[in-house]
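Take a look at the structure set out below.
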Amino acid sequence: MKAAADARTARLSGHFRRLEAWLSKVLGQVWRESGIGGPNDTEQLQTRLTTL
């Protein structure tokens, strides 16, 4: 029973991470396309910091 619960938790966690990544990507696109995003150099720096 615990193994099944652990497996389900792992699947749900993976699904949640994929949804989070997708939402972040979509919101980033909307933010940039709306023209209310920050300057490109600030966005590039933030991307680099996230990568590191």
Side-chain angles (χ1 to χ4, degrees):
M1 192 141 169
K2 175 148 173 33
D6 289 345
R8 185 170 194 272
T9 299
R11 280 193 314 275
L12 290 173
S13 291
H15 185 64
F16 183 76
R17 280 191 302 276
R18 286 188 300 277
L19 287 173
E20 245 180 347
W22 174 80
L23 181 60
S24 178
K25 179 181 173 184
V26 170
L27 288 175
Q29 289 172 340
V30 169
W31 181 261
R32 283 186 297 280
E33 291 173 10
S34 70
I36 60 173
N40 286 337
D41 57 345
T42 303
E43 290 180 13
Q44 290 170 355
L45 179 58
Q46 183 62 42
T47 301
R48 180 72 176 137
L49 288 172
T50 302
T51 302
L52 294 174

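Both backbone and side-chain heavy atoms feed into the values below; hydrogens, waters and symmetry mates do not.
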Quiz item: How many angstroms lie between atom OG1 of Thr51 and atom CD of Gln46, to the nearest 0.5 angstrom?
Solution: 9.5 Å
I'd like a table of donor-acceptor pairs (distance under 3.5 Å, sequence neighbours excluded) in which one partner is a side-chain atom from residues 1-12, with atom names and distances.
unit_1: Lys2; atom_1: NZ; unit_2: Asp6; atom_2: OD1; d: 3.3
unit_1: Lys2; atom_1: NZ; unit_2: Asp6; atom_2: OD2; d: 3.1
unit_1: Thr9; atom_1: OG1; unit_2: Ala5; atom_2: O; d: 2.9

Quiz item: Hey, does Phe16 have a side-chain heavy atom less than 4.5 Å from the side chain of Glu20?
Solution: yes
Quiz item: Quick one: do Trp31 and Val26 end up in the same hydrophobic cluster if we chain Ile, Leu, Val, Met, Phe, Trp and Tyr together by side-chain heavy atoms under 4.5 Å apart?
Solution: no
